[in-house]
Amino acid sequence: MNPMALHALFAPIVGPTGVLLGKDAAPYEVDHRRLYQGHTPLVVRPRTTAQVAAVLRVCAAHGIAMVPHGGNTSYCGGATPDASGTQIVISLERLTAVRSVDPIGGTLTVEAGCTLRSVRAAAAAAGRHFPLSLGSEGSCQIGGNLSTNAGGTQVLRHGMIRELVLGLEVVLPDGQILDQLRRLRKDNTGYDVKQLFIGAEGTLGIITAAVLRMGPAPADSLTALVAIDGLEATLALLGRIQSAFGDLIETFEYMPASAVALACQHFSQIKNPFEDLHPAFVLVHLPLPSALTGLHEAFTRFMGAEIEACRVRDAVVAQSMAQADTFWFLRENIPAAQTREGASLKHDVSLPLDRLAEFERRGQMLLATLAPGCRSIGYGHAGDGNLHYNVSPPVGVLPGSEEEQAFLSRKEPLMRAIHDLVAELGGSFSAEHGIGQLKVSELVRYEDPVALAVMGRIKQALDPQGLMNPGKVVVGR
Ligand code: MLT
Ligand code: ZN
């Protein structure tokens with residue numbers, strides 16, 4: 001169907017400002033990593049759940065394929081249309097209401113287009129804390145976070161976003177509204193249907209609103225940067241620090257020297273807070289409840305004993321919010337620093353904790369054989385067993401150069417070797433970034449065939465016409 005015919009179908013539902021054509025649609029046609037350049041005849045921007053439902057009914061009646069679109073921060077091209085020019089984009093950016101806040105029950109009912117930052121702000125305004133933390137919080141939207149089952153830097157204590165959801169509202173591919181916006185902690189009423197849509201990347205329906213769980217707002221917090229020998233020592237520290245401080249440990253992020261060097265190189269405001277060079281660093285963060293006093297002193301004593309025993313090399317406990325922010329800035333800008341450095345190959349892997357150091361060791365050996373001189377920047381959520389094992393070309397390779405092309409041409413064998421190693425060690429090739437269009441063939445290769453068949457049957461049952469985000473996650477099943 002041509003753009004004007006589509007315009008005539010959808011403008012009466014969402015109004016003239018609710019549809020975008022031509023160059024206005026361009027920002028919705030490319031993913032933020034610029035891996036995929038798609039083409040869409042029309043972007044539809046509903047304002048309400050009822051409008052989303054009406055749009056989906058029209059799509060079902062006319063066999064129009066659609067791509068749900070949030071803040072466009074997917075790492076896997078999950079929100080980008082293909083190049084055929086037949087898939088409309090449905091942007092949730094105008095569904096931005098905070099429908100209700102319940103400080104007593106600790107729940108927040110928000111619409112899909114709210115940015116993560118605005119959700120956290122709404123929780124803070126109610127004297128509560130919404131414990132999902134991502135570097136992209138200013139632009140990513142909660143509907144996208146839910147659709148990809150987002151992780152981030154507080155999973156160790158609070159789990160992935162799935163564990164923060166009590167209720168969901170979803171528009172099904174036929175336009176029916178599934179209303180499960182319940183604010184209940186306990187609700188054992190048959191299959192937990194809403195879970196199907198969390199992590200489905202918009203292939204089964206469009207999430208329009210959610211009831212989220214808030215936690216208590218901490219009275220104080222402690223942020224520290226620890227210098228350490230490497231991943232093995234880091235994981236040993238995790239065990240001891242959890243024994244000492246239990247669930248108070250909310251963040252435990254690993255950064256090898258290669259990642260920190262890259263961040264310092266590309267962001268002049270980042271300084272290594274230690275005088276010496278160290279092989280690796282850990283960012284630790286604990287929110288502190290007011291009733292537990294003396295935790296700062298206990299943590300300082302703990303770290304002193306660790307240094308004394310040569311289990312860690314050094315540690316700096318932030319003395320102010322501003323100093324804590326500099327530690328966070330360092331961690332959160334590692335991906336941006338790697339982008340500024342030029343092309344890189346990303347591997348978002350997770351492993352059982354007792355296999356993580358072996359993965360890193362053997363990964364280095366693979367790299368040395370398959371891509372000599374390349375730099376592995378394997379950082380991330382060590383406490384969750386999740387490393388962003390990203391690989392950059394050798395130092396000095398310029399963006400756009402022939403050497404960079406040669407590096408990129410090794411992508412397939414490198415990824416295959418790394419993902420095969422992950423599978424051998426019992427891990428996952430996609431810990432938190434999802435499948436999108438980037439990892440469809442990896443899913444086929446590594447997922448249990450029975451699980452794949454179940455996914456195919458669910459897809460077929462809910463979206464028999466195959467109109468919801470075609471080409472993503474479950475393709476051709
Ligand atoms: C992160 O934890 O910083 C992100 O999930 C990203 C990445 O791979 O770069
Ligand atoms: Zn991450």
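The analysis underlying the following values was restricted to heavy atoms, covering all of them including side chains, and did not include hydrogens, waters or symmetry mates. In each ligand, atom 1 is the first atom listed, and ligand 1 is the first ligand listed. Residue numbers start at 1 and run along the sequence shown.
Residue Asn390 places a heavy atom under 4.0 Å from ligand 1. Proximity of Gln338 to ligand 1 is not established, as no heavy-atom distance is less than 4.0 Å.
Sorted by first and then second residue, the pairs that involve residues 401-438 and meet ring-ring contact (aromatic ring centres under 6.0 Å, His included), not counting sequence neighbours, are Tyr75-His433, His347-His419, His388-His433, His419-Phe429, Phe429-Tyr446. Residue pairs meeting the salt bridge (Lys or Arg N to Asp or Glu O under 4.0 Å) criterion with at least one partner in residues 243-267, sequence neighbours excluded, are Glu253-Arg331.
Stacking of Arg340 on the aromatic ring of Phe267 is recorded, both the 6.0 Å distance cut-off and the 45° axial limit being met.
A salt bridge links Arg445 with Asp420: the distance from a Lys NZ or Arg NE/NH1/NH2 to an Asp or Glu carboxylate oxygen falls below 4.0 Å. With salt bridges taken as basic N to acidic carboxylate O contacts below 4.0 Å, none links Arg213 and Glu163.
When hydrogens are left out, the protein atom nearest atom 7 (C) of ligand 1 is Tyr379 OH, 3.1 Å; that is the closest non-hydrogen contact. In this structure, the protein non-hydrogen atom closest to atom 8 (O) of ligand 1 is His433 CE1, 3.3 Å. Scanning all protein heavy atoms for the shortest distance to atom 2 (O) of ligand 1 gives Arg331 NH2, 2.7 Å. Protein heavy atom nearest atom 6 (C) of ligand 1, with residue, atom name and distance: Tyr75 OH, 3.3 Å.
Of all the atoms in ligand 1, the ones that sit under 4.0 Å from a non-hydrogen atom of Glu432 are 2 (O), 5 (O). Here is the list of ligand 1 atoms found below 4.0 Å of a heavy atom in Lys346: 7 (C), 8 (O), 9 (O). The contact set between ligand 1 and His381, taken as ligand atoms under 4.0 Å from a residue heavy atom, comprises 2 (O). Atoms of ligand 1 lying under 4.0 Å from any heavy atom of His388, numbered from 1 in the order shown and given with element: 1 (C), 2 (O), 4 (C), 5 (O), 6 (C), 7 (C), 8 (O).
Listed by chain and number, the protein atoms of type N/O/S under 2.8 Å from the Zn ion (ligand 2) are His381 NE2, His388 NE2, Glu432 OE2; waters are omitted.
The closest side-chain heavy-atom distance from Ser392 to Gln338 is below 4.5 Å.
Classification of the His69-Tyr28 ring pair by plane angle, with boundaries at 30° and 60°, yields tilted.
Proximity of the aromatic rings of Tyr389 and Tyr379 is defined here by a centroid distance below 6.0 angstrom, and this criterion is not met.
Shown here are the side chain to side chain contact (heavy atoms under 4.5 Å, CB included) partners of Leu425, two or more places apart in sequence or in another chain: Leu351, Arg355, Glu358, Phe359, Arg362, Leu421.
Around the CZ atom of Arg311, the shell of radius 6.0 Å holds more than 12 heavy atoms that belong to other residues, nucleotides or ligands.
Between the side chains of Thr223 and His285, at least one donor N or O sits under 3.5 Å from an acceptor N or O.
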